[in-house]
Amino acid sequence: MPSHKFVRGMLYLSLTVVGVPGNTAVILAFLLMLYQEKRLLPADAIVLHLACSNLLVVAIRCLLETLASFHVADIFDDISCKSVIFVYRTSRSLSIWLTFVLSAYQCLSIAPPGSRWASMRHLMGKYLGVVFFLLWLINTCMSSAPVLLSGRLNNSTTLNFGINVQFCYVNFPSKLAKEANGAAQVGRDVVPMALMALASLIILVFLYKHSRQVKGLRSSSGGGGGGGGAEQRAAKAVVALVTLYVVLYGVDNGLWVYTLTVRKTMTTSLISDLRIFFSSLYAALSPVVIIASNRKVNSRLRCSVQEKHVQEKATSVM
């Protein structure tokens with residue numbers, strides 16, 4: 001096996017090993033929470049939906065790329081290329097927009113009770129199902145056009161205005177069509193990126209003011225004081241997720257813009273592989289942030305591990 005294919009396979013394998021178990025653990029923790037409590041808070045429902053879309057990104061793209069890179073299975077033909085590209089583009093875009101929805105909801109959650117922003121948070125939580133449906137509908141429609149122009153890449157494939165993705169390709173009919181599609185994808189990423197960055201900035205300002213108030217109360221009372229509460233912990237977790245998103249998807253979009261500026265279709269899939277790697281890296285690392293910062297998820301996973309140990313001990317005794 002050539003060295004570059006081995007490195008490519010190992011990179012996708014690392015994303016699969018981290019991302020699939022991580023997102024699966026987050027999903028199972030929330031499903032267990034739903035079973036025990038019979039309901040999920042809006043923020044928890046958003047994180048569950050985010051973990052599902054991230055699992056699709058890692059499992060559909062990274063796992064299949066790993067199997068193909070190491071020649072474990074010959075997966076990619078015309079139909080599977082179209083399917084993988086469609087699911088990947090849709091779930092990737094959903095992951096971006098759900099991160100924005102989470103940051104927006106968390107930004108509204110720190111608003112004082114009785115304010116107009118607090119009522120907007122209640123309204124958003126009430127119609128969260130409609131928000132999910134619209135996100136699925138919009139992103140599915142935006143991801144469908146390039147699928148019609150994609151297929152399996154082989155030695156006889158001629159790419160005039162295409163994108164080389166190692167085993168598959170997306171070939172546009174003209175340079176204008178390629179640039180228009182690229183601009184639409186950049187806009188689809190940059191808009192939620194700017195909005196979630198603004199929401200995170202508002203959260204950071206609130207956290208800074210809150211910490212100043214707590215310090216003032218402690219100094220005036222001679223000690224004590226609260227630790228910030230669940231809202232502050234959740235806000236910090238959202239800021240961490242948004243920061244991770246902006247860095248990784250910033251690199252992804254920078255490479256995508258470079259792909260659009262080259263005159264000829266690249267014979268190597270290096271740039272496309274780097275783009276997929278950085279965008280999939282968010283899907284793989286975000287569950288680590290969620291597990292580390294979300295006490296509900298953490299406690300459910302600990303309980304599951306403890307119950308498993310108890311069952312193993314009971315089985316060994318018998």
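- The ring pair (Phe, Tyr, Trp, His ring centres under 6.0 Å) search around Phe100 returns Trp97, not counting sequence neighbours.
- Leu201 and Tyr105 sit in two unconnected hydrophobic clusters of ILVMFWY residues. Membership requires side-chain heavy atoms under 4.5 Å apart, directly or through other members.
- Scored by the side chain to side chain donor-acceptor pair (under 3.5 Å) test, Thr16 finds no partners at all (sequence neighbours excluded).
- Residues that satisfy the side chain to side chain contact (heavy atoms under 4.5 Å, CB included) test with Ser200, not counting sequence neighbours, are Val239, Val242.
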Tell me, with the steps shown, if Ile60 and Ser91 meet side-chain contact (heavy atoms from CB on, under 4.5 Å). CA-CA 10 Å; Ile60 296 298; Ser91 54; over 6 Å; no

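- For Arg61, the salt bridge (charged side-chain N to carboxylate O under 4.0 Å, His left out) partners at least two apart in sequence or on another chain are Glu65.
- Every residue meeting the side chain to side chain contact (heavy atoms under 4.5 Å, CB included) condition with Leu248, not counting sequence neighbours, appears here in chain and number order: Leu244, Phe278, Leu281, Tyr282.
- In the hydrophobic clustering (ILVMFWY side chains linked at under 4.5 Å, chained through shared members), Tyr35 stands by itself.
- Looking at residues two or more places apart in sequence or on another chain, you find a side chain to side chain contact (heavy atoms under 4.5 Å, CB included) between Leu41 and Arg39, Asp44, Lys296.
- Residues Ser53 and Leu94 approach most closely at CB-CB, 4.1 Å, considering heavy atoms.
- Within the structure, salt bridge (charged side-chain N to carboxylate O under 4.0 Å, His left out) pairs that include any residue of residues 94-117 do not occur (at least two apart or interchain).
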Set out, in order, the CA-CA distance, both residues' side-chain angles and the distance that settles side-chain contact (heavy atoms from CB on, under 4.5 Å) for Asp189 and Arg92, then state yes or no. CA-CA 10 Å; Asp189 292 355; Arg92 172 190 178 278; 2.7 Å; yes

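- By the ring pair (Phe, Tyr, Trp, His ring centres under 6.0 Å) test, Phe132 pairs with His49, sequence neighbours left out.
- Following chains of ILVMFWY side-chain contacts shorter than 4.5 Å, one cannot reach Val288 starting from Val47, and the two form parts of different hydrophobic clusters.
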Verify side-chain contact (heavy atoms from CB on, under 4.5 Å) between Ser93 and Met142, making sure each step is shown before the conclusion. CA-CA 9 Å; Ser93 184; Met142 292 189 69; over 6 Å; no

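- Ala59 and Leu63 make their closest contact through O-CB, 3.0 Å (heavy atoms, listed as atom of the first residue, atom of the second, distance).
- In plain terms, the two heavy atoms of Ser103 and Ile203 that are nearest each other are O-CD1, 4.0 Å.
- Although no hydrogens or angles enter the test, the distance criterion places no donor-acceptor pair under 3.5 Å between the side chain of Thr90 and the main chain of Val87.
- Contact check for Arg188 versus Asn139: side-chain heavy atoms found under the 4.5 Å cut-off.
- The two residues Leu15 and Cys62 come nearest to each other via the heavy atoms CD1-SG, 3.8 Å.
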Which donor-acceptor pairs under 3.5 Å do the side chains of residues 22-30 make with protein atoms, sequence neighbours left out?
| residue | atom | partner | partner atom | Å |
| --- | --- | --- | --- | --- |
| Asn23 | ND2 | Gly19 | O | 2.9 |
| Asn23 | ND2 | Ala283 | O | 2.9 |
| Thr24 | OG1 | Val20 | O | 2.6 |

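- Grouped by direct or indirect side-chain proximity (heavy atoms under 4.5 Å, Ile/Leu/Val/Met/Phe/Trp/Tyr only), Tyr127 sits with Leu123, Val130, Phe133, Leu134, Leu137.
- Ile202 and Cys107 get closest at one heavy-atom pair: CG2-SG, 3.6 Å.
- Residues that satisfy the side chain to side chain donor-acceptor pair (under 3.5 Å) test with Ser95, not counting sequence neighbours, are Asn54.
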Let me see the working for Val101 and Leu135 under side-chain contact (heavy atoms from CB on, under 4.5 Å), right down to the final yes or no. CA-CA 10 Å; Val101 172; Leu135 287 178; 4.0 Å; yes

